[in-house]
Amino acid sequence: MSFSLATWNINSVRLREPIVLKLLGEEAPDVLCLQECKSPVDKIPLEGFQALGYTHMVARGQKGYNGVAILSKIPMIEAGAEDFAQLGHARHIAGRLENGVTIHNHYVPAGGDVPDRDVNEKFGQKLDYLTDMRDAFRASAPEKSILVGDLNIAPREDDVWDHKKLLKIVSHTPIEVDHFNQVMEAGDWHDVTRADIPEGLLYSWWSYRAKDWDAADKGRRLDHVWATGDIKAAAHSSRVLRHARGWEKPSDHAPVFATFDL
DNA sequence: ATGGTCGTTGCACGA
């Protein structure tokens with residue numbers, strides 16, 4: 001069985017229902033993981049998704065902030081939702097497909113502007129969220145699992161438009177990258193996107209504040225697809241759907257895709 | 001060094 005998957009920070013699933021439908025219609029991933037739905041679960045506009053064959057959903061939501069959902073054409077059951085760092089936020093949901101693969105969908109806290117937990121509580125919450133993820137994977141090793149989401153960290157030099165300029169900018173600081181790598185190591189997670197696209201600048205997010213995001217191209221790779229070691233060889237065909245950043249009323253993130261032959 | 005843009009909500013805050 002082969003299935004394709006996409007992860008996309010949608011920045012309001014209700015406002016952007018039209019481009020979610022566009023993505024599902026044009027690219028037809030079997031599974032779509034969304035972050036920043038900014039909606040209670042019962043207000044997610046399901047009808048159009050269902051009409052396109054996405055008849056399964058697991059989600060956590062809250063009014064106005066955060067929120068994660070997994071839409072699937074493949075039968076899927078909920079496989080847990082955790083409140084890492086005990087923030088009381090809807091930032092994680094897991095689903096299990098009928099082929100036994102578990103998908104974790106995360107929206108890691110952005111972390112505020114100042115990369116110092118003593119003066120910026122949000123930065124501490126981000127680090128604590130990642131530490132809790134690490135400890136959960138140490139306590140229970142994930143198998144046959146995929147982890148996706150807006151992890152709000154660009155770990156590599158070629159995941160940002162200017163490594164040196166961003167070393168003190170939240171999302172690319174050494175302490176965040178260290179926490180990120182500890183999560184990966186604890187769960188035997190492997191970076192599917194970079195296994196498929198090992199060389200070159202690669203971004204999934206461009207700020208709304210740039211005058212011309214495409215020409216300036218000051219992006220960061222904040223959105224990730226990981227797989228556990230037991231299924232990493234099944235992954236291929238990774239890509240970032242960059243042109244979705246230029247759609248009508250876009251999200252500031254582009255969808256990231258991968259395919260798994262399992 | 002600064003300001004720049006969105007979305008949701010309620011008359012700011014988070015990203």
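Every chain is numbered from 1 and lettered A, B, ... according to where its sequence line falls, protein lines coming before strand lines. Just so it is clear, the structure is predicted and the values come from calculations on it, not from any experiment.
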* To do: For S171(A) and N152(A), test the side chains for any donor-to-acceptor distance below 3.5 angstrom and give the result as yes or no.
  =>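 No, N152(A) and S171(A) have no side-chain donor paired with an acceptor closer than 3.5 Å.
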* Asked: In terms of side-chain heavy atoms, does Y129(A) have a donor or acceptor partner in H179(A) at a distance below 3.5 Å?
  ->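 No, because no side-chain N or O of Y129(A) sits under 3.5 Å from a partner of the opposite role on H179(A).
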* To do: With sequence neighbours left out, write down each residue that passes salt bridge (charged side-chain N to carboxylate O under 4.0 Å, His left out) with E157(A), or none if nothing qualifies.
  =>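 E157(A) satisfies salt bridge (charged side-chain N to carboxylate O under 4.0 Å, His left out) with no residue once adjacent residues are dropped.
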Rounded to the nearest Å, what distance is computed from the [atom1] atom of residue [X] to the [atom2] atom of nucleotide [N]?
| X | N | atom1 | atom2 | answer |
| --- | --- | --- | --- | --- |
| D150(A) | dA15(B) | CG | C1' | 10 Å |
| L87(A) | dG14(B) | CG | C1' | 14 Å |
| K168(A) | dA1(B) | NZ | P | 11 Å |
| N152(A) | dG14(B) | CG | C1' | 12 Å |
| K211(A) | dT2(B) | NZ | C1' | 12 Å |
| I153(A) | dA15(B) | CD1 | P | 14 Å |
| Q62(A) | dA15(B) | CD | P | 10 Å |
| I169(A) | dA1(B) | CD1 | P | 12 Å |

Pairwise [atom1] distance, [M] and [N] [rounded to whole Å]:
| N | M | atom1 | answer |
| --- | --- | --- | --- |
| dC13(B) | dA1(B) | P | 26 Å |
| dC6(B) | dT2(B) | P | 23 Å |
| dG14(B) | dG10(B) | C1' | 15 Å |
| dT9(B) | dT5(B) | P | 22 Å |

Taking only nitrogen or oxygen atoms into account, show me every contact under 3.5 Å that the protein makes with nucleotides 6-10 of chain B, one pair per line with its distance.
residue	atom	partner	partner atom	Å
dG7(B)	OP1	R16(A)	NH1	3.0
dG7(B)	OP1	R16(A)	NH2	3.1
dG7(B)	OP2	K249(A)	NZ	3.4
dT8(B)	OP1	S12(A)	OG	2.2

* With a cut-off of under 6.0 Å to the ring centre and 45° to the axis, is K22(A) in cation-pi contact with W247(A)? ->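 K22(A) over W247(A) ring: yes.
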* To do: Identify whether NZ of Lys or CZ of Arg in R221(A) sits under 6.0 Å from the centre of the six-membered ring of Y203(A) and within 45° of that ring's axis.
  =>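 Verdict for Y203(A): no cation-pi partner in R221(A).
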* State which residue, out of Y208(A), W205(A), W206(A), W161(A), fulfils the ring-ring contact (aromatic ring centres under 6.0 Å, His included) condition with W213(A). =>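 So, applying the ring-ring contact (aromatic ring centres under 6.0 Å, His included) to W213(A) and each of Y208(A), W205(A), W206(A), W161(A), only W206(A) qualifies.
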* To do: Please tell me if the side chains of R14(A) and P45(A) come closer than 4.5 Å, counting only heavy atoms from C-beta onward.
  =>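 R14(A) reaches P45(A) side chain to side chain.
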* Asked: Is the distance between the ring centroids of Y107(A) and H92(A) less than 6.0 Å?
  ->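 No; H92(A) has its ring centre 6.0 Å or more from that of Y107(A).
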* Could you list by number each residue of residues 107-124 of chain A showing a heavy-atom separation from DNA chain B of less than 4.0 Å, or answer none if no residue does? =>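 Going residue by residue through residues 107-124 of chain A, the ones with a heavy atom under 4.0 Å of DNA chain B turn out to be Y107(A), A110(A), K122(A).
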* Asked: Thinking salt bridges, do R60(A) and E78(A) make one under a 4.0 Å N-O criterion?
  ->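 Yes.
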